[in-house]
Novice: 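My questions will all concern the structure given below.
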Amino acid sequence: MLRRHRLGVLALVVTGFYLAALAVAALVAVMAGDLGPLWRLTLFTEADESAPVTWPNVLRLVAAGLPWAWALWQSLRGPLAGPAPEQDRDTRRLRVALYVAAASMLLFPLMPVWPWWMTLLSALPMWAVVLLIQPVWRFGHHDHVLALGVLGFGGLGVADVLVALDQRLPDWVPLVCGVAGLLWTVLVLRAQRRDDRWHTATVRYGIAGLVAPFVLVPVGRLVMGDLYADASVAAGALVMIWLARSAHDLAAPRTEPSSPVAEPVAT
């Protein structure tokens, strides 16, 4: 399995370190009564002091961290091993943008405090994907898709920065930007599903990342109890996998279709 991917060993080592840290943090929570390290590793925020240290809470936090371990493995292992196909400049740029956007998901655990400039920095990679994806995926209604992406990710990024600067915005602004980003993602997944450069699993991860937040809201409280709101960040792991796998698939070796066998001519 490790040899099937170009960076399989690296991905296994990093994922193993994260799982080991998760196990140690769980032991600290149980033995020392401190949920802080486990909370930080899985929900990427400071621990809620009112949350009791119970076995259900510890198991819920561990469960919230497992999707991120899977995301590390899926993202870091790279494309399938083998000679990569020839790529034009647009494809290479899109791959870089997809990898940067996937890596930006890891800013959550690395930045406990988000100043306004970090909010802007986290929005730029997806905005770059929006601009660079058009020449590679050949959408119908090019201008409409581009406008949705720019409004969805660029507008939402600007709105987040203004909020971080304590500027008041009408409630409809984030809603409009969010809907635009949602529609852009749906159109991208539709185009991706019709293009054989991407594996079916890649598209499914994208669909799961799109649907997961809507599922976690109504059912999260039943599963996660008082932790359900923070645990919803685990849905970001699915988006990270989708972005990274999309870049992997663009660089994966191509299987040449076999030539049809000529039927014998009747005599």
Novice: Show which side-chain atoms of residues 9-19 pair as donor or acceptor with protein atoms under 3.5 Å away, not counting sequence neighbours.
Specialist:
residue: Thr15; atom: OG1; partner: Ala11; partner atom: O; Å: 2.7
residue: Thr15; atom: OG1; partner: Trp73; partner atom: N; Å: 3.3
residue: Tyr18; atom: OH; partner: Leu41; partner atom: O; Å: 2.9

Novice: Grouping I, L, V, M, F, W and Y whenever their side-chain heavy atoms are under 4.5 Å apart, do Leu22 and Leu27 come out in a common cluster?
Specialist: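 Result: no, two separate clusters.
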
Novice: Rounded to the nearest 0.5 Å, how far does CG of Leu61 lie from CG of Leu66?
Specialist: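 Rounded to the nearest 0.5 Å, the CG-CG separation comes to 11.0 Å.
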
Novice: Is it possible for you to say whether Val173 and Val179 belong to one hydrophobic cluster, with membership spreading through side-chain heavy-atom contacts below 4.5 Å?
Specialist: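 As far as the 4.5 Å side-chain criterion goes, Val179 and Val173 are not connected within one cluster.
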
Novice: Where do Met240 and Ala71 come nearest, in terms of heavy atoms and distance?
Specialist: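 The answer is SD-CB, 4.0 Å.
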
Novice: I need the Ile241 CD1 to Arg204 CZ distance, nearest 0.5 Å.
Specialist: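 Interatomic distance, Ile241 CD1 to Arg204 CZ, rounded to 0.5 Å: 14.5 Å.
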
Novice: With a sphere of 6.0 Å drawn around CH2 of Trp127, does it hold more than 12 non-hydrogen atoms of other residues, nucleotides or ligands?
Specialist: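 Count not over threshold, so no.
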
Novice: Trp184 vs Phe153 aromatic rings, parallel, tilted or perpendicular, using cut-offs 30° and 60°?
Specialist: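 Answer is perpendicular, since the angle exceeds 60°.
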
Novice: My understanding is that only residues two or more places apart in sequence, or in another chain, count here; which of them pass side-chain hydrogen bond (donor to acceptor under 3.5 Å, both in side chains) with Thr202?
Specialist: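 Once residues adjacent in sequence are excluded, the partners of Thr202 under the side-chain hydrogen bond (donor to acceptor under 3.5 Å, both in side chains) criterion are Arg245, Asp249.
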
Novice: Could you pull out the closest heavy-atom pair between Leu38 and Ala29, with the gap in Å?
Specialist: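 In terms of heavy atoms, the two residues are closest at CD2-CB, 4.5 Å.
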
Novice: Considering all heavy atoms of both residues, which atom of Pro37 and which atom of Val28 are nearest to each other, and what is their separation?
Specialist: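 Closest heavy-atom pair between Pro37 and Val28: CG-CG1, 4.4 Å.
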
Novice: Tell me whether Val176 is reachable from Leu183 by hopping between hydrophobic residues (I, L, V, M, F, W, Y) whose side-chain heavy atoms are closer than 4.5 Å.
Specialist: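 Hydrophobic grouping puts Leu183 apart from Val176.
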
Novice: Under 3.5 Å, is there a donor-acceptor pair between the side chain of Gln87 and the main chain of Leu250?
Specialist: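 Answer holds: yes.
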
Novice: Tell me if a side-chain donor or acceptor on His248 pairs with a main-chain N or O of Leu80 at a distance below 3.5 Å.
Specialist: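 A pair under 3.5 Å: no.
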
Novice: Quick check: closest heavy atoms across Trp39 and Ala51, and the distance to 0.1 Å?
Specialist: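 Taking every non-hydrogen atom into account, CZ3-CB, 3.7 Å.
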
Novice: Residues two or more places apart in sequence or in another chain: which of them pass salt bridge (charged side-chain N to carboxylate O under 4.0 Å, His left out) with Asp195?
Specialist: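 Residues passing salt bridge (charged side-chain N to carboxylate O under 4.0 Å, His left out) with Asp195: Arg197.
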
Novice: Is there a chain of hydrophobic side chains (I, L, V, M, F, W, Y, each step under 4.5 Å between heavy atoms) that links Ile207 to Val186?
Specialist: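 Same hydrophobic cluster.
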
Novice: Hey, does the side chain of Arg6 reach the backbone of Arg77 with a donor-acceptor pair shorter than 3.5 angstrom?
Specialist: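 No, Arg6 side chain to Arg77 backbone: no donor-acceptor pair under 3.5 Å.
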
Novice: Would you compute the distance between atom OG of Ser246 and atom CG of Leu189 and round it to the nearest 0.5 angstrom?
Specialist: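 Those atoms lie 8.0 Å apart.
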
Novice: At what distance, to the nearest 0.5 angstrom, does CG of Leu210 lie from CG of Leu182?
Specialist: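 If I round to the nearest 0.5 Å, the distance is 5.0 Å.
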
Novice: Do Val145 and Val130 have side chains that approach each other closer than 4.5 Å (heavy atoms only, starting at C-beta)?
Specialist: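 A side-chain contact is absent here, since even the closest heavy-atom pair is not under 4.5 Å.
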
Novice: What heavy-atom pair brings Pro52 and Leu35 nearest, and what distance separates the two atoms?
Specialist: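 Shortest heavy-atom separation between Pro52 and Leu35 comes out as O-CD1, 3.6 Å.
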
Novice: Checking Ala101 now: which residues fulfil side chain to side chain contact (heavy atoms under 4.5 Å, CB included) with it, not counting sequence neighbours?
Specialist: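 Listed in chain order: Pro125, Met126, Val129, Leu243.
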
Novice: Please tell me if the side chains of Val30 and Trp55 come closer than 4.5 Å, counting only heavy atoms from C-beta onward.
Specialist: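 Of all side-chain heavy-atom pairs linking Trp55 with Val30, at least one is under 4.5 Å.
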
Novice: Determine whether Trp70 and Val203 fall in the same hydrophobic cluster, where Ile, Leu, Val, Met, Phe, Trp and Tyr are linked whenever their side-chain heavy atoms lie under 4.5 Å apart.
Specialist: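 They do share one cluster, since a chain of ILVMFWY contacts under 4.5 Å joins Trp70 to Val203.
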
Novice: When clusters are formed from ILVMFWY side-chain contacts under 4.5 Å, directly or step by step, what else is grouped with Val100?
Specialist: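 Grouped by the 4.5 Å side-chain rule, Val96 form the rest of the cluster around Val100.
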
Novice: Only counting residues at least two apart or in another chain, list the ones meeting side chain to side chain contact (heavy atoms under 4.5 Å, CB included) with Arg194.
Specialist: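 Arg194 satisfies side chain to side chain contact (heavy atoms under 4.5 Å, CB included) with Arg190 once adjacent residues are dropped.
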
Novice: Closest approach of Ala97 and Leu132, non-hydrogen atoms and distance?
Specialist: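 In this case the closest contact between Ala97 and Leu132 is CB-CD1, 3.7 Å.
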
Novice: Roughly how far, to the nearest 0.5 Å, is the OG atom of Ser104 from the OH atom of Tyr99?
Specialist: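 Tyr99 atom OH to Ser104 atom OG measures 14.5 Å (nearest 0.5 Å).
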
Novice: Checking Leu98 against Ile133 for the side chain to side chain contact (heavy atoms under 4.5 Å, CB included) test, could you report, in this order, the C-alpha distance in whole Å, the side-chain angles of both residues, the deciding distance, and whether it holds?
Specialist: CA-CA 9 Å; Leu98 287 168; Ile133 205 173; 5.8 Å; no

